[in-house]
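Okay, so here's the structure we're looking at.
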There are 2 protein chains.
Amino acid sequence: MSKQKNDILQGTLTLLVLRTLEAQGALHGYALTAHIQRVSAELLRVEEGSLYPALHRMEQEGLVEAQWGLTEKGRKARMYSLTAAGKKQLAEERQNWERLTKGVARVLRHA
Amino acid sequence: MSKQKNDILQGTLTLLVLRTLEAQGALHGYALTAHIQRVSAELLRVEEGSLYPALHRMEQEGLVEAQWGLTEKGRKARMYSLTAAGKKQLAEERQNWERLTKGVARVLRHA
DNA sequence: ATTCTGAGCTAGGCTAGCTAGGTATGAGCA
DNA sequence: TGCTCATACCTAGCTAGCCTAGCTCAGAAT
């Protein structure tokens with residue numbers, strides 16, 4: 001099956017995760033998906049099969065760091081938080097996002 | 001090398017091409033890249049190695065149709081134009097784009 | 001003669017998301 | 001006691017689609 005309605009754009013997931021961690025502090029994966037979905041007013045849905053690999057990727061790249069902790073509900077969970085490199089990356093990706101969306105918007109308006 | 005500054009977002013190329021053909025009528029590939037680059041105020045750069053495969057893909061999916069013709073400069077060129085299905089697809093992709101960018105914008109603002 | 005520009009093309013690689021499963025624990029309830 | 005549900009995490013394997021890095025050919029300019 002090709003692109004479905006709920007697919008996010010390739011490349012935006014990292015941006016979304018970094019930004020959410022920046023705004024919310026340490027979060028575990030499950031909460032991240034819920035949060036992104038809620039804040040985006042249900043416009044975005046992050047699949048767990050996308051999120052966890054992405055988190056591992058980002059951890060290896062040093063953008064986030066993780067440690068085991070407990071949720072409010074008393075379950076053990078892997079808490080992720082931004083590193084300095086993650087903050088830097090966020091700034092870059094944000095800028096890049098602005099550039100790309102501006103470019104596309106221009107084409108959509110007056111191509 | 002991972003993401004470079006000039007990479008476009010996966011999924012937007014089709015949208016850009018459909019929209020440009022809608023606005024400009026029949027165009028050949030070479031002109032498409034130039035046009036998108038110009039209209040986007042140099043924010044977007046479509047590589048030929050991305051464009052031609054994309055055009056062939058879209059032709060096979062019936063979104064565009066092609067025929068050999070001549071450019072203003074007297075060179076033979078493959079002219080692409082929108083089909084009815086392409087117009088429909090454009091409307092869909094446009095809507096999807098709006099949804100996604102709205103969602104991301106929300107997260108960037110108040111995650 | 002050679003280089004530049006316009007025009008088209010392809011093979012192969014790679015990123016990163018998706019599908020579709022799986023595990024484990026605790027809570028609620030029948 | 002057994003069941004289901006929600007929470008939380010994870011992986012293998014697939015695929016789309018863009019990119020790199022090349023290539024060809026014609027005509028014009030140097």
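These values consider heavy atoms only, across backbone and side chains, with no hydrogens, waters or symmetry-generated copies. Sequence lines set the chain letters: A, B, ... in the order given, protein chains first and strands last, and positions in each chain run from 1. As the structure is a computational prediction, the values presented were derived from the model and not from experiment.
- Rounded to whole Å, the distance from OH on Tyr52(A) to P on dG17(C) is 16 Å.
- Between the CD1 atom of Ile8(A) and the C1' atom of dG17(C) there is a distance of 7 Å, given to the nearest Å.
- Grouping the Ile, Leu, Val, Met, Phe, Trp and Tyr side chains by contacts below 4.5 angstrom, directly or via other members, places Ile36(A) with Leu15(A).
- As rounded to whole Å, 15 Å separates atom C1' of dG26(C) from atom CD of Glu72(A).
- Contact check, Arg57(B) against dC18(D): a side-chain N or O comes under 4.0 Å of OP1 or OP2.
- Note on Leu32(A) and Val64(A): same hydrophobic cluster, where clusters join Ile, Leu, Val, Met, Phe, Trp and Tyr whose side-chain heavy atoms are under 4.5 Å apart, directly or indirectly.
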| note | In B/S/- notation (B base, S sugar-phosphate only, - none; protein heavy atoms under 4.0 Å), nucleotides 21-27 of chain D written 5' to 3' is B----BB
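- As rounded to whole Å, 11 Å separates atom P of dC18(D) from atom CG of Leu15(B).
- Put simply, His56(A) has no side-chain N or O that comes within less than 4.0 Å of OP1 or OP2 on dC9(D).
- Within residues 18-31 of chain A, the residues that place at least one heavy atom under 4.0 Å from DNA chain D are, in residue-number order, His28(A), Gly29(A), Tyr30(A).
- The CD atom of Glu59(A) sits 12 Å away from the P atom of dC9(D) (whole-angstrom rounding).
- In this structure, the side chains of Ile8(A) and Leu13(A) come closer than 4.5 Å at one or more pairs of heavy atoms.
- Spacing between atom CD of Gln37(A) and atom C1' of dT7(D) amounts to 15 Å, rounded to whole angstrom units.
- We find that CG of Leu51(B) is positioned 14 Å from P of dG17(D), with the value rounded to whole Å.
- Thr14(A) comes within 4.0 angstrom of nothing in the nucleic acid, heavy atoms only.
- Nearest to the side-chain atoms of Asp7(B) among the listed nucleotides dG17(C), dC19(D), dA7(C) stands dC19(D).
- An OP1 or OP2 oxygen of dA8(D) is reached within less than 4.0 angstrom by a side-chain nitrogen or oxygen of Thr71(A).
- Comparing dT7(D), dG17(C), dC9(D) by their nearest atom to the side chain of Lys73(A) picks out dT7(D).
- Remark: Gln89(B) engages Glu93(B) in a side chain to side chain donor-acceptor pair (under 3.5 Å) (not counting sequence neighbours).
- Side-chain atoms of Gln10(A) lie closest to dG17(C) of the nucleotides dG17(D), dG17(C), dC19(D).
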Exercise answer: donor-acceptor pairs, residues 101-111 of chain A side-chain atoms, under 3.5 Å, sequence neighbours excluded:
unit_1, atom_1, unit_2, atom_2, d
Thr101(A), OG1, Trp97(A), O, 2.8
Thr101(A), OG1, Glu98(A), O, 3.1
Arg106(A), NH1, Val39(B), O, 3.1

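- Glu59(A) pairs by the salt bridge (charged side-chain N to carboxylate O under 4.0 Å, His left out) definition with Arg78(A), not counting sequence neighbours.
- Applying the side-chain hydrogen bond (donor to acceptor under 3.5 Å, both in side chains) test to residues at least two apart or on different chains, none of the pairs has a partner in residues 61-74 of chain B.
- Taking atom CE of Met79(A) as the reference point, atom C1' of dA8(D) lies 12 Å away to the nearest angstrom.
- Among residue pairs with one or both ends in residues 16-29 of chain A, those qualifying as side-chain hydrogen bond (donor to acceptor under 3.5 Å, both in side chains) are Arg19(A)-Glu22(A), Gln24(A)-His35(A); sequence neighbours excluded.
- Residue pairs meeting the salt bridge (charged side-chain N to carboxylate O under 4.0 Å, His left out) criterion with at least one member in residues 26-36 of chain B, sequence neighbours excluded, do not occur.
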